[in-house]
Amino acid sequence: MIRKDSGNSCQGSRCMGLKIMSSKNQDIRDHSLDAFLDFLSVERGLSPNTIEAYFLDTRDFLRFLADRRLSLDKVDRDHINEFLQHLYTDKSPRSVSRKIVTLRTFYRFLLQDGYVDHDPTETLETPKTWQTLPKYLNQDEVETLLDQPNMEKTLGLRDRTMLEVLYATGLRVTELISIKPGDINLKVGVIRTVGKGNKERFVPFGDTAKSFIERYRELSYPILKKKNPSNPYFFISQKGTPLTRQHFWLLIKKYGEQAGIRTPLSPHVLRHSFATHLLENGADLRSVQLMLGHISISTTQIYTHITRERLRKIYDEFHPLS
């Protein structure tokens with residue numbers, strides 16, 4: 001358990017420098033926030049991106065309390081409702097739901113570690129939200145997108161390889177840019193990755209992705225690697241530095257515009273396309289769950305709208321009374 005005297009235990013990249021961020025905001029220099037970030041990183045094993053989201057939500061709440069000169073142990077249900085009412089003016093129900101989850105987690109931690117003696121979030125209900133279906137591309141759109149990078153150029157070959165790997169594996173963008181040469185097993189045709197919650201998994205890829213990986217490794221990778229030999233990652237920027245999520249998002253957006261694709265593109269759209277096309281072609285939900293790295297199959301079930309459509313078509317085609 002993290003004690004009140006452990007405020008300096010959050011070190012290195014695990015907390016993404018969030019303590020430094022919090023120390024720059026005088027109104028949220030609360031010892032409990034540092035300890036909460038420690039708890040999320042060390043005990044819950046959450047990813048840096050998830051910890052950052054928790055940090056931002058908690059920071060907003062602490063600022064709200066600071067404006068009203070309230071300490072954490074004096075907060076009651078009315079204060080929580082006031083904070084949430086303030087959020088409803090410019091936040092979506094989904095965003096408010098996420099912040100409620102953050103508040104609940106934060107206060108359970110505070111109660112557990114003795115910072116407060118009651119939990120004002122105990123009876124909070126999350127707002128009902130519509131489940132939005134993921135945006136995805138059809139197979140023709142995917143092919144058009146993949147054809148956009150100029151294969152004659154060093155960066156064009158890199159970009160085509162990244163798009164091929166993303167569509168072949170359904171990796172998250174953070175997992176894609178974190179691939180190291182040793183994570184790729186061309187003989188077996190799998191990529192080792194570490195996803196959310198520090199969970200390791202091995203994701204298969206096909207011959208098409210394999211051929212692009214081999215070509216990139218032979219032609220473009222040595223050129224980019226020369227600029228910064230200490231860079232451990234497989235996909236490298238023009239300057240030899242590690243690629244960022246934002247960099248790749250801009251790339252995929254550019255290629256989507258070139259391809260004339262109207263769907264707003266992000267790396268996650270290709271991940272959704274990967275899962276949708278697998279199910280469309282008969283893959284079972286459990287296998288898709290494993291490849292996507294979802295902890296719960298309920299997360300993967302959002303894709304079953306495709307399965308339902310497919311079953312409907314089968315019924316209409318083959319049932320004598322359809």
Side-chain angles (χ1 to χ4, degrees), residues 40 43-54 94 97-98 101-102 105 126 128-139 141-142 145-146 162-180 183-186 188-210 213 234 245 248-249 252 263 265-315:
L40 295 175
E43 296 197 27
R44 291 279 299 272
L46 300 184
S47 73
N49 292 333
T50 304
I51 293 172
E52 182 178 21
Y54 271 101
R94 186 176 295 278
S97 292
R98 193 196 74 193
V101 170
T102 297
T105 306
T126 54
K128 291 181 180 178
T129 61
W130 293 102
Q131 188 181 49
T132 56
L133 297 177
K135 294 186 178 75
Y136 63 95
L137 303 178
N138 62 43
Q139 294 185 30
E141 288 174 321
V142 170
L145 176 67
L146 295 178
M162 292 184 79
L163 291 172
E164 290 282 354
V165 170
L166 195 62
Y167 178 59
T169 61
L171 293 177
R172 301 177 179 92
V173 64
T174 304
E175 296 168 346
L176 178 73
I177 62 177
S178 300
I179 293 173
K180 297 176 181 176
D183 294 330
I184 303 170
N185 188 325
L186 288 172
V188 179
V190 296
I191 292 176
R192 173 194 170 274
T193 186
V194 178
K196 290 185 176 182
N198 253 357
K199 303 268 185 189
E200 180 186 70
R201 72 183 191 280
F202 292 86
V203 187
F205 57 84
D207 290 340
T208 303
K210 178 182 176 181
I213 291 171
F234 188 55
R245 289 179 298 150
F248 187 65
W249 176 76
I252 200 170
T263 301
L265 274 189
S266 70
H268 233 61
V269 172
L270 269 187
R271 177 171 160 87
H272 293 323
S273 303
F274 162 83
T276 300
H277 295 167
L278 279 175
L279 288 170
E280 221 170 21
N281 287 287
D284 66 277
L285 200 62
R286 173 63 177 163
S287 297
V288 175
Q289 177 199 357
L290 292 173
M291 285 184 271
L292 290 174
H294 288 160
I295 295 172
S296 169
I297 200 164
S298 62
T299 309
T300 319
Q301 282 172 340
I302 194 170
Y303 297 105
T304 55
H305 69 290
I306 295 299
T307 307
R308 289 196 296 271
E309 288 176 10
R310 187 169 175 273
L311 288 174
R312 180 77 240 180
K313 287 176 183 175
I314 292 172
Y315 178 86

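Everything quoted here is computed from the prediction, not taken from an experiment.
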**Prompt:** Is there a donor-acceptor contact under 3.5 Å from the side chain of Arg271 to the main chain of Gly170?
**Reply:** yes

**Request:** Under the side-chain hydrogen bond (donor to acceptor under 3.5 Å, both in side chains) rule, collect the residues that match up with Thr300, sequence neighbours excluded.
**Result:** His294

**Message:** Does Phe234 form a side chain to side chain contact (heavy atoms under 4.5 Å, CB included) with Lys180? I'd like the steps, not just the answer.
**Reply:** CA-CA 5 Å; Phe234 188 55; Lys180 297 176 181 176; 5.9 Å; no

**Asked** Mind checking what makes side-chain hydrogen bond (donor to acceptor under 3.5 Å, both in side chains) contact with His268, not counting sequence neighbours?
**Response** none

**Message:** Going by ring pair (Phe, Tyr, Trp, His ring centres under 6.0 Å), name the residues that satisfy it together with Phe248, two or more places apart in sequence or in a different chain.
**Reply:** none

**Message:** Just to verify, what does Leu186 make a side chain to side chain contact (heavy atoms under 4.5 Å, CB included) with, not counting sequence neighbours?
**Reply:** Ile184, Phe205, Lys210, Ile213, Glu214, Arg217

**Request:** Mind running side chain to side chain contact (heavy atoms under 4.5 Å, CB included) on Gln139 and Asn281 for me, showing each step along the way?
**Result:** CA-CA 11 Å; Gln139 294 185 30; Asn281 287 287; 3.5 Å; yes

**Thr50/Tyr54 under side chain to side chain contact (heavy atoms under 4.5 Å, CB included): CA gap, chis, key distance, verdict** = CA-CA 6 Å; Thr50 304; Tyr54 271 101; 3.7 Å; yes

**Request:** Applying side chain to side chain contact (heavy atoms under 4.5 Å, CB included), name anything that partners Glu175, two or more places apart in sequence or on another chain.
**Result:** Leu171, Arg172, Thr193, Arg201

**Request:** Would you kindly say whether Tyr136 and His277 are connected by a side-chain donor-acceptor distance under 3.5 Å?
**Result:** no

**Asp284 atom CG, over 12 foreign heavy atoms within 6.0 Å** = yes

**Asked** Who are the side-chain hydrogen bond (donor to acceptor under 3.5 Å, both in side chains) partners of Thr102, not counting sequence neighbours?
**Response** Asp57

